[in-house]
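Shown next, in structure tokens, is the structure this report addresses.
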Amino acid sequence: MHPIAYVNGAFVPLSDAKVSILDRGFLFADGIYEVAAVLDGRLVDNASHLARLQRSVGEIALPLPETLERIQEIQKELVARNALDSGLLYLEVTRGADSGRDFVFPKGVTPTLVMFVSAKDIINAPNAKAGIGVITVPDIRWERRDIKSVALLAQVLAKQAAAEAGCGEAWMVEDGVVTEGGSSSAFILTQDDVIVTRNNSNAILPGCTRKAVVALAEERQLKVEERPFSVAEALAAKEAFITSASAFVQPVVTIDGKPVGGGKVGAMATRLREIYIDFARATAV
Ligand code: PLP
């Protein structure tokens, strides 16, 4: 079966899915994206992703070309047309293609909206069972990381460095504390069983999975503290883990080659992963 993409109102074969070289997403990274998981052919926690999309576009004064209701309809149709059971749906909206390359917002230009899907077995991901290593890198990003901008060069470099080190993620560090992963939120479990993840602010992306995991943990009377933590605190922790739409909850077993939690997958990360999978299945649309 040939993969189908969505481009500005049309469902087309992925190989024919194209936008202009004058598109401002291409020229200026003037765009916003979202990634939602698909499980059992349904979208996971999509209301949360659409709410963040609306907030992100609002922060850069980019009007959505479709309503959120219509966007969800298109998402569902794309999943169905691809017969996707498990994987990811990528969505991007940009300020469109002008007649040239002018920094100032164009007038009368329709924003670009594209989507595509990729198959991925999120539930049986080997990293979830074995855990991943992370490296730490300086956080060299701009100051509005709460906006899910397509300007991801710092994360590309960070994740490339992680891959070259045989690791699954890079934790970005600023002012002596971890901000977040290259494409995930960072968590630790302290020796006295407190789940710690950095508080939301302009310094990090408000992760949808992070939000759900914090709420699910609190519902179960687990102790959660939203505050920054250092790499030293993470190394001394009982466990570490990451969350994201594409990984759900994944244990971290080494940081810069040093074991965390004895270098073994922790019970809390395993439990939160199971809880999140149940939530994802129960609430997917
Ligand atoms: N932080 C960053 C920088 C990300 O890019 C992502 C996901 O791509 C996340 C956190 C996790 O967010 P979510 O759980 O919404 O996927």
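Atom set for the values below is all heavy atoms of this structure, side chains included, hydrogens, waters and symmetry mates excluded. Whatever order the structure lists ligands and atoms in, that order sets their numbers, starting from 1. Worth saying up front: this structure is predicted, and the values here are computed from it rather than measured.
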Sub-4.0 Å atoms of ligand 1 with respect to non-hydrogen atoms of K148 = 5 (O), 7 (C), 8 (O)

Got the closest protein heavy atom to atom 13 (P) of ligand 1, with its distance?
-> C208 N, 3.6 Å

Under 6.0 Å from the NZ atom of K238, do we count more than 12 heavy atoms belonging to anything else shown?
-> yes

Beyond-backbone contact of R55 with D146, side-chain heavy atoms, under 4.5 angstrom = yes

Atom 5 (O) of ligand 1 [closest protein heavy-atom partner, distance rounded to 0.1 Å] = S183 CA, 3.4 Å

Does ligand 1 have an atom that lies less than 4.0 angstrom from a heavy atom of R52?
-> yes

So, is E180 polar-close to ligand 1, with some N/O to N/O distance under 3.5 Å?
-> yes

Check whether more than 12 heavy atoms from other residues, nucleotides or ligands sit under 6.0 Å from atom CD of E143, and answer yes or no.
-> no

Give a yes or no on whether the backbone of R281 and the side-chain of R42 come within a donor-acceptor separation of less than 3.5 Å.
-> yes

Purely on distance, is any nitrogen or oxygen of A245 under 3.5 Å from one on ligand 1?
-> yes

Report yes if some N/O of S244 lies less than 3.5 Å from some N/O of ligand 1; otherwise report no.
-> no

Atom 9 (C) of ligand 1: which of A212, G207, G181, S184 has the nearest heavy atom?
-> S184

Check if Y33 has a non-hydrogen atom at a distance under 4.0 Å from any atom of ligand 1.
-> yes

Determine the sole option in Q75, E69, E34 for which the side-chain contact (heavy atoms from CB on, under 4.5 Å) test with L50 is passed.
-> Q75

pair T243-V249: side-chain heavy atoms closer than 4.5 Å | yes

OH (Y33) with more than 12 external heavy atoms under 6.0 Å | yes

Are P3 and N82 side-chain neighbours, meaning at least one heavy-atom pair lies under 4.5 Å?
-> yes

Give yes if a backbone or side-chain nitrogen or oxygen of H49 is under 3.5 Å from a nitrogen or oxygen of ligand 1, and no if not.
-> no

With heavy atoms of G182 as the reference, note each atom of ligand 1 found under 4.0 Å away.
-> 3 (C), 5 (O)

Around atom 14 (O) of ligand 1, find the nearest protein heavy atom and jot down its residue, atom name and distance.
-> T209 OG1, 2.6 Å

